[in-house]
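Everything on this sheet refers to the single structure shown next.
Atom set for the values below is all heavy atoms of this structure, side chains included, hydrogens, waters and symmetry mates excluded. Every chain is numbered from 1 and lettered A, B, ... according to where its sequence line falls, protein lines coming before strand lines.
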Amino acid sequence: MSSPPPFASSPNIPSPTTRLPRRSAYTYKHLSLLSHSSPASPLRVIAHIDLDAFYAQCETVRLGLSPTKPLAVQQWQGLIAINYPAREYGLNRHVTVAEAKEKCPELICQHVATWKEGDTKWSYGDGDEAFKEIASRKVSLDPYRLQSRRILALIKEFLPAETQRVEKASIDEVFLDLSAQVHGIMLERYAELRGPPPYGDPSEPLARPPSTALDWAADALVDLDEGRAEEEDPDWDDVAMLVASEIVRDVRREVFEKLHFTCSAGIGRNKMLAKLGSAHKKPNNQTVIRNRAVKQFMSGFKFTKIRNLGGKLGDEVVAAFNTDTVSDLLPIPIEQLKKTLGDDTGSWLYSIIRGEDSSEVNPRTQIKSMLSAKSFRPSINSLDVASKWLRIFVADIHSRLVEEGVLENKRRPKTMNLHHRQGAQTRSKSAPIPMGRAITEEGLFELAKALLAQVIVDGRAWPCANLSLSVGGFEEGVQGNKGIGGFLVRGDDAKALQNAQPKDEATPPPAAKRRRVDDGGIARFFGSREQSRESSMGDSEHRHTMPHLAEQADENVKDTDIIQEERTHEPDPLLPPPSAQVADTAPTSVTAQDDQDPSDAYVCPRCAARMPFDEQAEHEDFHFAQDLQNEQPTPPRPVPPALKPSTARGGGSTRGKGRGRPAVAASAPEKGQKRLQFS
DNA sequence: ACAATGACCTACGACAT
DNA sequence: ATGTCGTAG
């Protein structure tokens with residue numbers, strides 16, 4: 001327990017004077033990293049927001065009920081969500097409806113919406129009735145997706161666009177990287193943070209923040225680490241947390257006032273801590289895990305509560321070390337973790353139980369796939385019945401595609417997957433969704449049937465216990481998409497145009513030309529017939545940005561796919577802006593700021609380069625980028641846990657290098673890396 | 001009172017081929 | 001590119 005606190009201002013060493021240190025543990029560099037939401041900034045602030053009993057709240061809101069009434073969401077005979085008032089009665093998932101009503105007679109059990117064969121839309125109905133018709137209905141989570149979208153949209157609207165970084169983590173959770181916004185607010189509030197670093201040296205510590213107590217309002221604060229006192233003066237990380245906490249409170253208030261949903265939130269220096277924090281106090285509360293409280297907070301947990309340790313990997317760790325608590329794991333040396341779990345997983349675990357997690361908030365709010373599925377209670381036994389379900393899946397997926405903006409061609413899926421299960425065996429088939437033509441229900445249906453046919457041909461298909469259909473590989477509409485994929489597609493379409501002969505319009509594509517029988521059969525339904533029908537509906541006009549020339553060109557399709565996948569990663573080669581040339585060649589001989597500054601020029605405090613004022617921002621960006629490259633030869637340690645127990649660990653063979661994450665990750669074997677970013 | 005459970009539905013990502 | 005598996009809520 002006497003391990004040194006992370007930062008230099010440690011009160012560990014009895015200071016000769018009882019006076020407080022006047023310097024912050026944080027530097028100008030840390031502050032600058034903060035403004036760029038860099039995971040390397042120790043000042044980083046991440047929030048996790050989690051809607052309280054989300055499905056239940058959706059129903060309460062939809063029905064206009066008082067949120068104090070106990071309510072549960074029913075699916076067939078089970079309960080899949082229980083609101084907090086109902087939990088007071090000791091209800092939990094998987095009491096049956098009958099048991100629940102016994103414990104809480106006034107409980108409202110609302111059944112989820114369902115699709116019924118032949119329906120053009122899901123609908124709400126009586127729960128008993130739904131259960132009777134379980135064989136002909138499937139549940140729809142659409143109402144919840146809709147609310148989820150509204151909430152997400154509101155949050156994105158509320159946060160300043162310039163600094164927002166929002167990741168949709170699930171239907172009822174988001175991560176916010178508040179670093180950049182917090183940085184801006186801190187500069188506004190504290191003039192002492194604004195200037196350039198003394199001597200132009202970014203490694204100079206910041207001045208200490210005012211030592212007045214911070215006002216944490218009603219936030220739940222986590223207990224401090226041992227040896228830390230509440231009276232210990234705040235540093236800038238505390239200030240950053242406080243500012244973030246204010247933002248989160250405002251977000252939550254907005255969501256409540258505008259949409260009537262309550263949520264819980266966690267605020268911490270990374271995603272893992274934020275996530276643990278949001279679950280700490282529910283409902284309708286927010287928890288701040290200050291850096292000075294991280295150890296205390298973490299040590300109380302079972303590590304199986306930590307993301308990625310809730311499954312097989314967690315079991316493996318439990319088995320290997322005979323404990324499920326964080327605190328029991330802490331004394332285990334990293335070498336032993338690595339030996340037992342593999343290098344990557346071992347060092348990832350070592351960090352994560354110490355509250356370190358450098359994973360980034362992925363600014364992504366759109367879904368990547370959608371799936372519609374049904375488990376068959378008595379299994380089904382015929383193609384006929386299966387086809388009927390495929391119809392429903394397609395209707396479901398198609399209507400969701402419409403909401404996704406596929407009709408306006410904003411985004412469209414590339415592939416379709418069909419999963420099939422009988423008993424323990426599970427099989428899946430997938431196929432590309434023909435490009436360049438409108439996506440129609442009919443087309444999707446025929447494609448789905450073709451996939452099912454493949455499964456049946458493959459082997460025994462009946463009785464079938466589960467079927468699911470999904471579409472994925474969503475691509476941006478071509479407007480905003482400068483990716484080479486889109487470019488080549490365009491080129492290919494053009495080629496297709498040249499090759500295509502009028503014959504295609506008149507006759508179905510000659511089957512003889514096709515090597516693969518499956519392709520042919522499928523593509524026909526997205527072919528010219530569908531196409532002409534679509535265009536007559538005036539749909540294709542929407543896609544003017546990408547000239548899908550109304551040609552179907554089966555033979556050419558195979559040429560198109562090759563490059564598709566290579567959507568290159570972003571790290572643009574950090575080209576120094578013109579004004580930075582000096583910096584490149586003139587090393588860090590920063591010494592004298594001999595700026596007798598003629599007021600028409602800006603002189604960079606770091607490299608003494610002289611430039612017009614309006615190039616200053618760009619130039620600073622250059623240094624920032626350069627710093628990133630210089631100080632973290634390899635990205636500090638994102639090291640996602642190597643999942644896949646079988647391969648990642650044991651053999652220690654890291655030869656799977658060809659795949660996985662881009663470029664930089666390749667330089668993984670870091671020697672004597674310092675990992676100084678936190679200490 | 002509470003934890004652990006199992007079935008279900010949806011979604012994401014890694015990896016093997 | 002297709003298929004399987006692990007994880008999570």
When all nucleic acid strands are considered with a 4.0 Å heavy-atom cut-off, which category describes Lys168(A): base, sugar-phosphate, or nothing? nothing
Distance check needed: dA8(C) P versus Phe175(A) CZ, whole Å only. 12 Å
Against the side chain of His419(A), the closest entry in dG9(C), dT4(C), dT7(C) is dT4(C)
With under 30° as parallel and over 60° as perpendicular, where do the rings of Trp462(A) and His420(A) fit, or are they tilted in between? perpendicular
In whole angstrom, what separates Lys103(A)'s NZ from dC2(B)'s C1'? 11 Å
Polar atom pairs between nucleotides 9-11 of chain B and protein, under 3.5 Å, N or O only, would you list them?
residue: dC9(B); atom: OP2; partner: Ser375(A); partner atom: N; Å: 3.2
residue: dC9(B); atom: OP2; partner: Ser375(A); partner atom: OG; Å: 2.7
residue: dT10(B); atom: OP2; partner: Ala373(A); partner atom: N; Å: 2.9
residue: dA11(B); atom: OP1; partner: Arg145(A); partner atom: NE; Å: 3.4
residue: dA11(B); atom: OP1; partner: Arg400(A); partner atom: NH2; Å: 3.0
residue: dA11(B); atom: OP2; partner: Leu371(A); partner atom: N; Å: 2.6
residue: dA11(B); atom: OP2; partner: Arg400(A); partner atom: NH2; Å: 2.9

Presence of Ser428(A) side-chain N/O under 4.0 Å of dT4(C) phosphate oxygens OP1/OP2: yes
Whole angstroms only, please: what is the CZ-C1' distance between Phe376(A) and dC8(B)? 13 Å
Is a side-chain donor or acceptor of Asp357(A) paired with a backbone partner of Asn270(A) at a separation under 3.5 angstrom? no
What about Phe297(A) and His280(A), are their ring centers closer than 6.0 Å? yes
Quiz question: by atom type and distance under 3.5 Å, do the side chains of Glu59(A) and Tyr144(A) form a donor-acceptor pair? yes
Return the set of residues passing side chain to side chain contact (heavy atoms under 4.5 Å, CB included) with Asn322(A) (not counting sequence neighbours), or none when no residue passes. none
Which is true for Asn417(A) with a 4.0 Å heavy-atom rule: it touches a base, it touches only sugar-phosphate, or it touches nothing? nothing
Over how many whole Å does the gap from Lys271(A) atom NZ to dG9(C) atom P extend? 13 Å
What is the separation between atom NZ on Lys312(A) and atom C1' on dC5(C), rounded to the nearest whole Å? 8 Å
Nearest-angstrom distance from the residue atom CH2 of Trp348(A) to C1' of dA14(B): 15 Å
If the cut-off is 4.0 Å, is Lys429(A) near the phosphate of dT4(C), judged by side-chain N/O to OP1 or OP2? no
Nearest to the Thr426(A) side chain among dG9(C), dA4(B), dC5(C), which nucleotide is it? dC5(C)
Would you mind classifying the nucleic acid contact of Leu309(A) as base, sugar-phosphate or nothing, using non-hydrogen atoms under 4.0 angstrom? sugar-phosphate
Between Asp324(A) and Gln366(A), which is nearer to the 5' end of DNA chain B once each is assigned its nearest nucleotide? Asp324(A)
Take atom CD1 of Ile134(A) and atom C1' of dC8(B), then tell me their distance rounded to the nearest Å. 10 Å
Would you say that more than 12 heavy atoms from the other residues, nucleotides or ligands in this model lie under 6.0 Å from the NZ of Lys305(A), or not? no
From CD1 of Ile306(A) across to C1' of dT7(C) the rounded distance in Å is 15 Å
Do Asn284(A) and Thr262(A) meet the criterion of a side-chain donor-acceptor pair at a distance under 3.5 Å? no
